[in-house]
A.B. asks: 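One structure, pasted below without further comment.
So you know, we letter chains A, B, ... as the sequences are listed, proteins then strands, and number each from 1. Quick note: numbers below take in every heavy atom, side chains included, and nothing from hydrogens, waters or symmetry partners.
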Amino acid sequence: MEEYSTLEGTVHSIIFQNPDNGYTVLRLLTDEGEVVNTVGCLPCAAPGERMLLTGRMEVHPQHGEQFSVRDAERRMPAEEDEILSYLSSGAIKGVGPATAARMVERFGSETLDVIERAPEKLTQLKGVTSKRAMEIAQSFRSQMELRRLMEFLARFELPIVLAMLLEKRYGGTALDVLRENPYLLAGGTFGVEFSTADEIAISLGIPADSACRVEAAVLFELDHNADNGHVFLPREKLIDATARLLECGCEQVERALDDLMERCAVVQEQVANVTACYLRRLYDAERYAQRKIELLLSAAADQGGGVEELIGRIEEEQGISYAPAQRQAVELAARQGVLLLTGGPGTGKTTSVRGIVALFRRMGLDTVLAAPTGRAAKRMGELCGMEAQTIHRLLGMSFSESTGEVSFIKGEKEPLEADAVIVDEMSMVDLMLMAALLRALRPGCRLVMVGDPDQLSAVGAGNVFSDLIRSGRIATVALREIFRQAERSAIVRNAHAVNEGRLPALDNDQGDFFFLRRRDPVRTAATIVELVQTRLPEKMGVPVEQIQVLTPTHKGEAGTVNLNRVLQAALNPRRPDRRERSWGERLFREGDRIMQTKNDYDVVWEKPDGTVGTGMFNGDVGRIEQIDPSGEWLTVNFDDRLATYTADQLSEIDLAYAMTVHKAQGSEYRCVVLSAVNAAPALMVRGVLYTAITRARELLIVVGDEAAVGRMTENDRQQKRYSGLKWRLRGGERA
DNA sequence: ACCTGCAT
């Protein structure tokens, strides 16, 4: 489909280069004598270097025609004039135009060899001390290391950015480390397919039955399954999957597994009737979580004396009267060390949490609010009238590029000072984060966990919230009564139906829940555009800004990428008076609906009344107000706050006419249009449908195939993650 | 064969 062309020439000059990701803008002098502006990932590109590029011509709204690189074959400068322009450009630390000229005059086309292999010869030149010669050689060598790494990766068609990541992790020795063990590319940190890593290993002559290969495969399987939410794998499944991956016998895998267990990289333990194999870090986290929760439960001092009276006063003060379950929640928070509070949208979780906050304040408890995502934390803070932060920030999390390790300042050695911690959106907390939080709680600290267990689960491994609920060991208040919506709402009824595994009613006579059958994704997309552009605003009186299109996937005709393209074209078409700015594959236009895609605590915003603040959060949706003619900045209106983005922050925003159901978790809209089409099996799950339905306050239109709706309703597989926490809390082997 | 969180 995509048409690519090639371009060959010598780098004339570098206009821009980002040393972190290799993104480069340069002028290429082609063999036809033309100068072409070229952009792409070309780390340490330098003048004089020859390139054979594959890519295509594009028109940039500000910078005009340019060649966008997809693939590059590169060769170091070889001719004297190429070497001269390379060295004169400042590409090597310690070499300027004058030294460059002297070097090339003296060593000719051998110059680069001399620098790399015999730098002591450089001292023959005027003004070059041996110290400086060594520095020059060092700078050149580290560049060559990166270039060789890139070449190596390119041979296996791996993305060039990987070179930057490997260099950050292993420095100058990255290529040696990689040659030693190519399997470190597989899975997790670098995200390379096992088969690709395996192919590299084979080409390097690593034998198929070498221990390092089989062990790597076992760890890859465990890691890969952890990505899918499993805390452990049953031994037989692990062995079977690994043997299939390697096309080898089970005995070999068993031997490797034994070795890994001996080194404690893998822990095997009986969980109920399953022989469970854990990655070490997940095992430690699960055991710690169990023990610490038990400690918190036993340390709980009932401070319930006089609680009724306190609650009465809070009701008076807040001008409300609690429903029985809400009252029970507030009361139990005072009596129990650990409390679980569950409920779907509209069941009054927030009211209860505000009550608990008020109660803790009156009890003199130093209380901290936290949530697993930035936006959930922001919302929690606003609703409770006090500061809330991400759990990660609360614990002082940091991430080291060089080791790839996550660490927390707060922990057993330096615990949080709080007497009570309240966590919202618990369904999104995974096991590793839970363990990190528990490590930072002082014994006796109260812990209140709030959430909707039917929502989409955490990204990481574990089923923490539902394990805690189903363990039966922890006081739980389930809020069921729905206050927000009338019981006759089909949205609510259908949400419940889906939750119980029954098909939602798709018969269209129910006021707020409609189904439009479109078996073909192309027609699904067309119908969605028509709904959003004309039918809903004109026939149902819903303004476009109050409609959100949701879809399970990014891919395909009815995925976010295409829907955003067609919705942008329909709702905010190109106009002479609307400026545009492109960023990579994306095109932004004044008036576009966009979304912040990562927490940024530094974005500056201003309200019309002059209030100034900072911080936008992953999932915040706004509208592009103005694009600066030079393309240096743009302003976005988020709900009355006007935020200014600089060019380098553009990677943090994306079009938001359509977004994935996952992204919408935690938000609500007056009207939701859901694209219900077949997508990858992992996405055709009940939680996706339930979450999509419950995002709609007043109106929900499902467009698509009822078979897809049926598949999602039936499939509760995502709830079934291998995890031992529930079993351990129930008493484990003692039971 | 695909979705996603956080951190400097």
A.B. asks: Side-chain N or O of A:Y601 versus OP1/OP2 of B:dA7: is the shortest distance under 4.0 Å?
C.D. replies: yes

A.B. asks: Quick one: does A:D620's side chain have a donor or acceptor within less than 3.5 Å of a partner on A:F617's backbone?
C.D. replies: yes

A.B. asks: Is a side-chain donor or acceptor of A:R593 paired with a backbone partner of A:G622 at a separation under 3.5 angstrom?
C.D. replies: no

A.B. asks: If you look at every strand shown and take non-hydrogen atoms under 4.0 Å, does A:G374 touch a base, only sugar-phosphate, or nothing?
C.D. replies: sugar-phosphate

A.B. asks: Taking NZ from A:K378 and P from B:dG5, how many angstroms apart are they, rounded to a whole number?
C.D. replies: 15 Å

A.B. asks: Mind calculating the distance between NE2 (A:H554) and C1' (B:dA1) to the nearest angstrom?
C.D. replies: 14 Å

A.B. asks: How close or far is atom P of B:dC3 from atom CE of A:M428, stated in whole angstroms?
C.D. replies: 18 Å

A.B. asks: Within the structure, does a side-chain N or O atom of A:T390 lie under 4.0 Å from either OP1 or OP2 of B:dG5?
C.D. replies: no

A.B. asks: Strictly by salt bridge (charged side-chain N to carboxylate O under 4.0 Å, His left out), give each pair with a member in residues 494-503 of chain A just once, sequence neighbours left out.
C.D. replies: A:E500-A:R502

A.B. asks: Quick check on B:dG5: is either OP1 or OP2 less than 4.0 Å from any side-chain nitrogen or oxygen of A:N599?
C.D. replies: no

A.B. asks: So, is A:N228 near the phosphate of B:dC2, with a side-chain N or O under 4.0 Å from OP1 or OP2?
C.D. replies: no

A.B. asks: How long is the line joining NE2 of A:H392 and P of B:dA7, in whole Å?
C.D. replies: 7 Å

A.B. asks: Ignoring backbone atoms, test whether A:T553 places a side-chain nitrogen or oxygen under 4.0 Å from the OP1 or OP2 oxygen of B:dC3.
C.D. replies: yes

A.B. asks: Are A:F232 and A:Y283, when compared by the centres of their aromatic rings, separated by less than 6.0 Å?
C.D. replies: no

A.B. asks: Would you kindly give the CG-to-C1' distance between A:L550 and B:dC3, to the nearest whole Å?
C.D. replies: 14 Å

A.B. asks: Once side-chain hydrogen bond (donor to acceptor under 3.5 Å, both in side chains) is applied, do any residues pair with A:E193, and if so which ones, sequence neighbours excluded?
C.D. replies: none

A.B. asks: Roughly, in whole Å, what's the span from CZ in A:F617 to P in B:dA7?
C.D. replies: 9 Å

A.B. asks: A:T373 or A:P552: which one's nearest nucleotide on DNA chain B is closer to the 5' end?
C.D. replies: A:P552

A.B. asks: For A:K598 and B:dA7, is the shortest distance between a side-chain N/O and OP1 or OP2 below 4.0 Å?
C.D. replies: no

A.B. asks: 5'-most contact on DNA chain B: A:E193 or A:M397, nearest heavy atom basis?
C.D. replies: A:E193

A.B. asks: Over how many whole Å does the gap from A:L456 atom CG to B:dG5 atom C1' extend?
C.D. replies: 13 Å

A.B. asks: How long is the line joining NZ of A:K555 and P of B:dC2, in whole Å?
C.D. replies: 3 Å

